[in-house]
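Data block below; observations after.
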There are 2 protein chains.
Amino acid sequence: MGVGRYAELVGPLEADQARQLLKALADPVRLQVVQALASGERCVCDLTGDLDLAQSKLSFHLKVMREAGLIEARVEGRWIYYRLRRDALDGLQGWLGELAAGCSEPAAPCG
Amino acid sequence: MGVGRYAELVGPLEADQARQLLKALADPVRLQVVQALASGERCVCDLTGDLDLAQSKLSFHLKVMREAGLIEARVEGRWIYYRLRRDALDGLQGWLGELAAGCSEPAAPCG
DNA sequence: TTGTTAGATCAACTTCAGTTGATCTATGGT
DNA sequence: ACCATAGATCAACTGAAGTTGATCTAACAA
């Protein structure tokens, strides 16, 4: 089922990990899912109903998010619950913070 | 030239603004550019050289980033300097923080 | 004014990500 | 054992996003 395959996300985020997470967030359907998960864990069947998405479509997007390390799954009998990964969100926040830190330096004139 | 067309980015980020910014970040070429700009403002000609990108390719990606509100341009004679927008990075950080806030709620069992 | 350079823009092409419907697997109920 | 349901997976299709080379415009230098 592949539900156990996660990105690692230990220590400070590498550019490539950040990119995977950003990509996992930067899609309208996935953003809906993220917002649904923002208030806590949800099972797939609820998501399908609430967001009015075709089952295979939702499953595809959950996979993208899972493989990026943005969400994780908990299997309970016949149902699967998904939730956002705090470490991913925190990691991305930190990564953005680093970018913001030095971005106001003036340019060396190039002419 | 279109260099003056920016996204607004006042107040808390709307989902759609966040998505544009995320998309602007979630590309390998653009991520290179972002990292080059992380240490401060740079002119396009420097970027082209340092990142070894075709001129039209870089210009395309700068446009995407500009229209998303991720970067802004400063025209100086024949040269154009780009820099990351603090408000965009801060806004995105805040947006992520909101997501992280409630994401650990347990699921309502759906069976 | 002519020539050169920086960088935006355009059109044609290519590539990859998302969609759809069908099928497959596992779990639980009868 | 049989059936129903949750959700993953697959193959075919579609469309949007990125690439490439050419052209266009504006600024400066001679």
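Letters A, B, ... are given to chains in the order of the sequence lines, protein chains preceding strands, and every chain is numbered from 1.
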Checklist line | Length of the line joining A/R74:CZ and D/dA6:P, which is rounded to integer Å | finding: 17 Å
Next item on the list: With rounding to the nearest 0.5 Å, note down the distance linking CG in A/L22 to CH2 in A/W95.
Entry: 5.5 Å
Notebook entry, point to check: Are A/V44 and A/F60 grouped together when hydrophobic residues (ILVMFWY) are joined by side-chain heavy atoms under 4.5 angstrom apart?
Noted result: no
Checklist line | Phosphate-side-chain proximity, A/Y81 and D/dG7, N/O vs OP1/OP2 below 4.0 Å | finding: no
Checklist line | Gap between atoms CG and P, on B/L53 and C/dA8 respectively (whole Å) | finding: 13 Å
Next item on the list: Round to the nearest Å and state the distance from B/I80 atom CD1 to D/dA26 atom P.
Entry: 13 Å
Margin query: Of the options D/dA8, D/dA4, D/dG7, whose atoms approach the side-chain atoms of A/R78 most closely?
Written below: D/dA4
Next item on the list: Write down the distance between CG (A/L58) and P (D/dA6), rounded to a whole number of angstrom.
Entry: 13 Å
Item checked: Rounded distance (Å) that lies between atom C1' of D/dG18 and atom CG of B/L62 -> 14 Å
Check: Between C/dA8 atom C1' and B/M65 atom CE, what is the distance in whole Å?
Finding: 16 Å
Next item on the list: Specify the separation, in whole Å, of atom CD of B/Q32 and atom C1' of D/dG18.
Entry: 14 Å
Next item on the list: Specify the separation, in whole Å, of atom CD of A/E76 and atom C1' of C/dA26.
Entry: 16 Å
Next item on the list: Write down the atom of B/R66, the atom of B/I71, and the distance for their closest heavy-atom approach.
Entry: N-CG1, 3.6 Å
Notebook entry, point to check: Considering only heavy atoms from C-beta outward, does the side chain of A/L62 approach that of A/I80 to under 4.5 Å?
Noted result: no
Between protein and nucleotides 17-24 of chain C, what N or O pairs are separated by less than 3.5 Å?
unit_1 : atom_1 : unit_2 : atom_2 : d
C/dG18 : OP1    : A/R30  : NH1    : 3.2
C/dG18 : OP1    : A/R30  : NH2    : 2.9
C/dT19 : OP1    : A/K57  : NZ     : 3.4
C/dT19 : OP2    : A/H61  : NE2    : 2.4
C/dG21 : O6     : A/S56  : OG     : 3.4

Margin query: How close do B/Y81 and A/P109 get, counting heavy atoms only, and between which atoms?
Written below: OH-CA, 3.3 Å
Margin query: With a 6.0 Å cut-off (strictly less than), is the heavy-atom count around CD of B/Q35, excluding the residue itself, greater than 12?
Written below: yes
